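Everything on this sheet refers to the single structure shown next.
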Amino acid sequence: MTDDLRIVSLLPSATEIAVALGLGDALVGRSHECDFPESVKALPVCTSTRLEKGLRSAEIDRRVQEIVTQGLSLYEVEASLLRALKPDIILTQTACAVCAVTPDDLTAALADWMGEPPVLISTAPDRLDDVWADIRAVGEAAGRDAEAETVIRDLKARLADMAPRHHPQPRVAAIEWFDPLMVAGNWIPELISAAGGDPLFAKPGEHSAFLDWDNLVAADPDLLILMPCGYQLPQSLADIEAVSGDPRWTQMRAVQAGHVYIADGHHFFNRPGPRLVESAEIVAEIIADWRGTPGEPTEHWMRYTG
């Protein structure tokens, strides 16, 4: 690729991968969800969502089902803007049609493309090794192979530095959605293990799945980490009654002992890019707090004592 490379990223994690590879100046467009680093917010926005703002978890679930039942996509692509930006590369994903734009959403925009069509790179990670492969794929397409290997090596080294030094390891239930209740899968169990925890209900590479309340109570985890997909801390707090209002909530010792934590699922855990390692570091801080070495909560996590 040449120095005048033009990239449109339609996925927050892909945007962060591009920036990590030194391709920030090559970005010419983004999705409505791409918001890190701060500099990307100035880029033209090429997508929008059909979901209304301010919905609670149960309402979002119902609205998604309604839209899908109608045979519609959750997202709309500004085809004319995308064509005007003339990207050489478009970054998107195939892992989750609910989470972000997929190649199917780009069909109309690419159908009558004038000139050489852009290279389409679709990420589809299930676990950390897949994230490393996605970083390599973006690096290869953009001529940044060496930079990709450096980024991957540094991320792996940070994870290795977190090798558990304490026993026993706390049994951790990571909750990805409130209503219906869902356990966090895919790469999340790997992050919990790297941080010194024992992940419950999910194995690396397994997709996030619905979780029965009775099974959660029976497992009686040592600590709960609430990390709803797409939620920052204020949104989780606003919707937390969806879980804390269930009569079985107080039966768990994690709740009784004050070992319930809320983490930023929007910027960290649910973005399969470079900041997954920072997500693992957040889990390590939470586990240290659980062990009695109080950490200083940040804008990315907090102890819930409601």
Side-chain angles (χ1 to χ4, degrees), residues 55-62 64 95-96 98-99 126-127 169-272 276 278-287 289-290 297 300-306:
L55 299 179
R56 301 295 175 87
S57 56
E59 295 169 330
I60 291 173
D61 182 69
R62 285 194 295 270
V64 167
C96 175
V98 174
C99 302
D126 289 324
R127 53 189 306 164
Q169 296 181 347
R171 298 162 62 253
V172 180
I175 304 302
E176 185 175 284
W177 200 245
F178 289 165
D179 188 3
L181 196 66
M182 295 184 71
V183 64
N186 297 313
W187 48 84
I188 299 296
E190 293 178 276
L191 303 184
I192 293 172
S193 295
D198 178 16
L200 299 178
F201 304 114
K203 296 179 180 178
E206 292 183 349
H207 290 182
S208 300
F210 295 112
L211 178 60
D212 184 85
W213 261 102
D214 290 334
N215 290 340
L216 175 60
V217 172
D220 203 17
D222 296 308
L223 63 87
L224 283 162
I225 305 179
L226 312 179
M227 52 179 73
C229 184
Y231 276 22
Q232 298 180 57
L233 300 190
Q235 293 166 288
S236 291
L237 285 170
D239 198 18
I240 200 165
E241 190 176 349
V243 286
S244 66
D246 190 286
R248 292 163 289 191
W249 173 255
T250 55
Q251 297 176 24
M252 293 181 285
R253 58 180 168 176
V255 175
Q256 297 165 3
H259 293 150
V260 178
Y261 299 84
I262 303 176
D264 185 340
H266 175 61
H267 287 115
F268 293 95
F269 297 88
N270 297 295
R271 288 194 184 187
L276 282 186
E278 192 169 343
S279 302
E281 292 167 348
I282 290 172
V283 176
E285 292 173 3
I286 289 173
I287 290 176
D289 188 86
W290 170 83
H300 309 313
W301 71 272
M302 63 174 286
R303 190 187 308 106
Y304 176 69
T305 57

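Below, each value reflects all heavy atoms present in this structure, side chains not excepted, and no hydrogens, waters or symmetry copies. Predicted, not measured: the structure shown is a model, and the values here were computed from it.
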Hey, could you give me the [atom1]/[atom2] distance between [X] and [Y], rounded to the nearest 0.5 Å?
X: Y261; Y: M302; atom1: OH; atom2: CE; answer: 11.0 Å
X: I287; Y: D289; atom1: CD1; atom2: CG; answer: 11.0 Å
X: L216; Y: M252; atom1: CG; atom2: CE; answer: 4.5 Å
X: I282; Y: M227; atom1: CD1; atom2: CE; answer: 9.0 Å
X: S244; Y: Y304; atom1: OG; atom2: OH; answer: 4.0 Å

Can you tell me if E241 has over 12 outside heavy atoms packed within less than 6.0 Å of its CD?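 Open.
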Run the side chain to side chain donor-acceptor pair (under 3.5 Å) test against Q235 and tell me which residues pass, sequence neighbours left out.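 Here no residue qualifies.
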For D264, what residues pass the side chain to side chain donor-acceptor pair (under 3.5 Å) criterion, not counting sequence neighbours?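 Testing D264 for side chain to side chain donor-acceptor pair (under 3.5 Å), a comparison that skips the adjacent residues, returns H267.
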Close side-chain approach of D222 to V172, heavy-atom, < 4.5 Å: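 No - every pair of side-chain heavy atoms lies 4.5 Å or more apart.
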If you define the side chain from C-beta out and look only at heavy atoms, does anything of N186 sit under 4.5 Å from S208?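 Yes, side chains in contact.
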Closest approach of [X] and [Y], non-hydrogen atoms and distance?
X: L191; Y: S279; answer: CD1-CB, 3.9 Å
X: L224; Y: A254; answer: N-CB, 4.1 Å
X: I192; Y: D198; answer: CG2-N, 4.1 Å
X: P199; Y: P189; answer: CG-O, 3.7 Å
X: E176; Y: G185; answer: OE1-N, 4.3 Å
X: G265; Y: N270; answer: O-ND2, 2.8 Å

Taking the six-membered ring where the residue is Trp, are the ring centres of W177 and Y231 under 6.0 Å apart?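 Ring centres of Y231 and W177 closer than 6.0 Å.
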If the condition is side-chain contact (heavy atoms from CB on, under 4.5 Å), which residues does A194 pass it with, not counting sequence neighbours?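 Result, side-chain contact (heavy atoms from CB on, under 4.5 Å) vs A194: L159.
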The criterion is side-chain contact (heavy atoms from CB on, under 4.5 Å); which residues satisfy it with A242, sequence neighbours excluded?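 Testing A242 for side-chain contact (heavy atoms from CB on, under 4.5 Å), a comparison that skips the adjacent residues, returns S57, F178, D179, D239.
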Give the C-alpha distance, both sets of side-chain angles, the deciding distance and a yes or no for side-chain hydrogen bond (donor to acceptor under 3.5 Å, both in side chains) between D126 and H207. CA-CA 7 Å; D126 289 324; H207 290 182; 3.0 Å; yes
salt_bridge(R253, D220) N-O dist < 4.0 Å: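 Salt bridge between R253 and D220, a charged N being under 4.0 Å from a carboxylate O: yes.
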Under the salt bridge (Lys or Arg N to Asp or Glu O under 4.0 Å) test, residues paired with D246 that sit two or more places apart: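 If we apply the salt bridge (Lys or Arg N to Asp or Glu O under 4.0 Å) test to D246, skipping adjacent residues, the hits are R248.
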Apply ring pair (Phe, Tyr, Trp, His ring centres under 6.0 Å) to W187 and list each qualifying residue two or more places apart in sequence or on a separate chain.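 Here no residue qualifies.
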For the residue pair R271 and H266, confirm or rule out a side-chain donor-acceptor distance under 3.5 Å.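 Result is yes, a qualifying pair exists.
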In terms of the angle between their ring planes, are W213 and W249 parallel, tilted or perpendicular, with boundaries placed at 30° and 60°?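 Plane angle over 60°, so perpendicular.
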